[in-house]
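Everything on this sheet refers to the single structure shown next.
In what follows, chains carry the letters A, B, and so on, assigned in the order in which the sequence lines appear, proteins first and then strands, with residues in each chain numbered from 1.
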Amino acid sequence: MPSTSLPASAVSLPLADWYRGAARDLPWRRPRFHEDFGAWGTLVSEFMLQQTPVNRVIPHLEAWLDRWPTPAAMAAASTSDVLQQWANLGYPRRALWLHRAAVEITERHGGVVPKDVDALLKLSGIGDYTARAVAVFAYGDRHPVVDTNTRRVMARAILGQAQPGPPSRRDLELMDSLLPADVAESAVFNAAAMELGATVCTARSPRCEICPLVGVCAWVAAGRPDTGDTRRRQATFEGSDRQARGAALRILRAAAPDAVLIDSVLAEWPDPLQRDRAIDSLIADGLAEADGEMLSLPR
DNA sequence: CATGCGTGGGC
DNA sequence: TGCCCAAGCAT
């Protein structure tokens with residue numbers, strides 16, 4: 001399946017060497033972080049990192065864990081407080097799911113973040129990436145961790161493609177085939193592949209001059225061809241329902257814990273139908289609550 | 001399998 | 001400026 005005749009170690013060894021010298025000093029990579037927050041800290045960080053850049057996550061993560069240092073502490077919080085604390089991290093449904101996961105961990109796992117991938121996958125808001133990220137980065141187990149960075153690195157270095165295709169189960173199989181047999185080495189490999197994709201093998205301007213894999217990269221060997229791009233493009237944000245939802249929720253966060261008159265929310269929005277649709281969908285999603293003429297974050 | 005879902009920074 | 005992108009998930 002991999003279009004390479006090189007052994008997997010030809011990729012993993014230089015990557016591990018590079019990572020030891022080049023890894024960024026991020027909060028969740030400091031030993032103290034795990035002493036204080038354990039797997040819960042990892043889980044919270046992974047939720048926040050789902051589609052939100054590292055630099056915007058860091059201050060929010062520290063504030064979050066100061067306020068709710070355990071799953072049980074967060075499980076006891078109100079939805080309103082959770083959504084306010086989530087602030088402007090984006091995709092606020094993640095805050096709802098994280099809250100639900102905290103309740104599930106408290107009720108079903110005695111307040112301890114599960115270590116088993118299948119148990120993690122059953123928690124709200126946790127999918128293939130987050131489940132394995134927690135198992136690997138919090139507990140040190142051996143699993144393929146595949147995110148957008150990893151998929152891009154594999155697409156280029158192994159498959160010789162400029163960009164990865166749509167996410168697929170095959171990504172997990174390919175990453176698994178590259179994983180070192182040693183447990184500790186496999187964890188480093190997962191982290192290093194992500195780090196390389198985030199800082200060197202980037203989507204727009206890959207810095208092949210400094211890449212530790214330049215000697216084995218299938219894409220470089222082929223002359224960095226433009227192999228096409230089948231990635232899904234984001235829908236235009238300007239004028240979208242998402243924009244309206246975001247604007248409405250921003251108003252509710254600012255007013256919380258108070259409610260506001262529904263009629264006052266987005267009263268000047270250019271498209272009244274879209275404005276109504278946004279508010280109705282926020283309520284349906286559990287991100288807002290209507291009480292008579294008033295609208296607020298859910299209690 | 002395709003789509004909807006926030007927010008802000010970089011080029 | 002406008003577009004692209006960012007440690008995905010649920011449906």
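For the pair A:Arg93 and A:Asn88, nearest-nucleotide mapping onto DNA chain B gives the more 5' position to A:Arg93. Take the nearest nucleotide of DNA chain B for A:Asp285 and for A:Pro53: the residue whose nucleotide is more 5' is A:Asp285. Nucleotides of DNA chain C nearest to A:Ser124 and A:Gln163 differ in position, and the one nearer the 5' end is that of A:Gln163. Mapping A:Gln50 and A:Gln234 onto DNA chain C by nearest heavy atom places A:Gln234 closer to the 5' end of the strand.
Among the protein residues, A:Trp28 comes within range of the nucleic acid bases, having at least one heavy atom under 4.0 Å from a base atom. Within the nucleic acid shown, A:Arg231 comes within 4.0 Å of sugar-phosphate atoms alone, with no base atom in reach, counting heavy atoms only. At the heavy-atom level, A:Phe47 lies nowhere under 4.0 Å from the strands shown. Counting non-hydrogen atoms under 4.0 angstrom, A:Pro92 reaches the backbone sugars and phosphates but no base. Contact annotation for A:Thr130: backbone-only contact, meaning every heavy-atom pair under 4.0 Å involves sugar-phosphate atoms and none involves a base. Using a 4.0 Å heavy-atom cutoff across all strands shown, A:Leu89 reaches at least one base atom of the nucleic acid. Residue contacts for A:Arg152: at a heavy-atom cut-off of 4.0 Å it reaches the sugar-phosphate backbone alone, with no base atom in range. When heavy atoms are screened at a 4.0 angstrom cut-off, A:Leu287 is found touching no nucleic acid atom at all. Here A:Ala203 lies in heavy-atom contact (under 4.0 Å) with sugar-phosphate atoms only.
Between A:Arg29 atom CZ and C:dA7 atom P the separation is 12 Å, expressed in whole Å. To the nearest angstrom, P of C:dA7 lies 15 Å from CG of A:Asp171. When the C1' atom of B:dC5 is taken as reference, atom CD of A:Gln274 falls 14 Å away, rounded to whole Å. As rounded to whole Å, 11 Å separates atom P of B:dG6 from atom CG of A:Leu96. One can place CG of A:Leu98 at 16 Å from P of C:dG8, the figure rounded to the nearest angstrom. Taking atom CZ on A:Phe237 and atom C1' on B:dC5, their separation rounds to 10 Å, with Å as the unit.
Using a 3.5 Å distance cut-off with no hydrogens or angles, the side chains of A:Arg207 and A:Thr202 do not pair a donor with an acceptor.
A:Asp182 and A:Arg142 are not joined by a salt bridge, as no carboxylate oxygen comes within less than 4.0 angstrom of a charged side-chain nitrogen.
Within the 4.0 Å cut-off from OP1 or OP2 of B:dT7, at least one side-chain nitrogen or oxygen of A:Arg253 is found. For the pair A:Ser240 and B:dG4, the criterion of a side-chain N or O lying under 4.0 Å from OP1 or OP2 is not met. Considering only side-chain N and O atoms, A:Gln51 lies nowhere under 4.0 angstrom from the phosphate OP1 or OP2 of C:dA6.
Both tests do not hold together for A:Arg275 against A:Trp269: distance to the six-membered ring centre under 6.0 Å, angle to the ring axis within 45°.
Within 6.0 Å of the CZ atom in A:Arg24, the count of heavy atoms belonging to other residues, nucleotides or ligands exceeds 12.
Each of B:dT7, B:dG6, C:dC9 was ranked by its minimum atom distance to the side chain of A:Arg250; first place goes to B:dT7. Closest to the side chain of A:Arg204, out of C:dA7, B:dG10, B:dG6, is B:dG10. Taking the side chain of A:Arg94 as heavy atoms from C-beta on, and the options B:dG6, C:dA7, B:dT7, the nearest nucleotide is B:dG6. The side chain of A:Arg233 has C:dC4 as its nearest neighbour among C:dG8, C:dC4, B:dT7.
We find the CD-CH2 distance between A:Gln50 and A:Trp97 to be 8.0 Å, quoted to the nearest 0.5 Å. Going from atom CD of A:Gln84 over to atom OG1 of A:Thr79 covers 12.0 Å, rounded to the nearest 0.5 Å.
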One pair to check against ring pair (Phe, Tyr, Trp, His ring centres under 6.0 Å): A:Trp40 and A:Trp68. What are the steps and the verdict? CA-CA 10 Å; A:Trp40 173 242; A:Trp68 297 307; 9.1 Å; no
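On a pure distance criterion of 3.5 Å, a polar donor-acceptor pair joins the side chain of A:Arg232 and the base of B:dG4. Residue side chain A:Arg242 does not reach the base of B:dT7 through any donor-acceptor N/O pair under 3.5 Å, judged by distance alone. Residue A:Thr148 places no side-chain atom within donor-acceptor reach of the base of C:dG8, judged by atom type and a 3.5 Å distance cut-off alone.
Comparing C:dA7 with B:dC5, their P atoms sit 22 Å apart, to the nearest whole Å.
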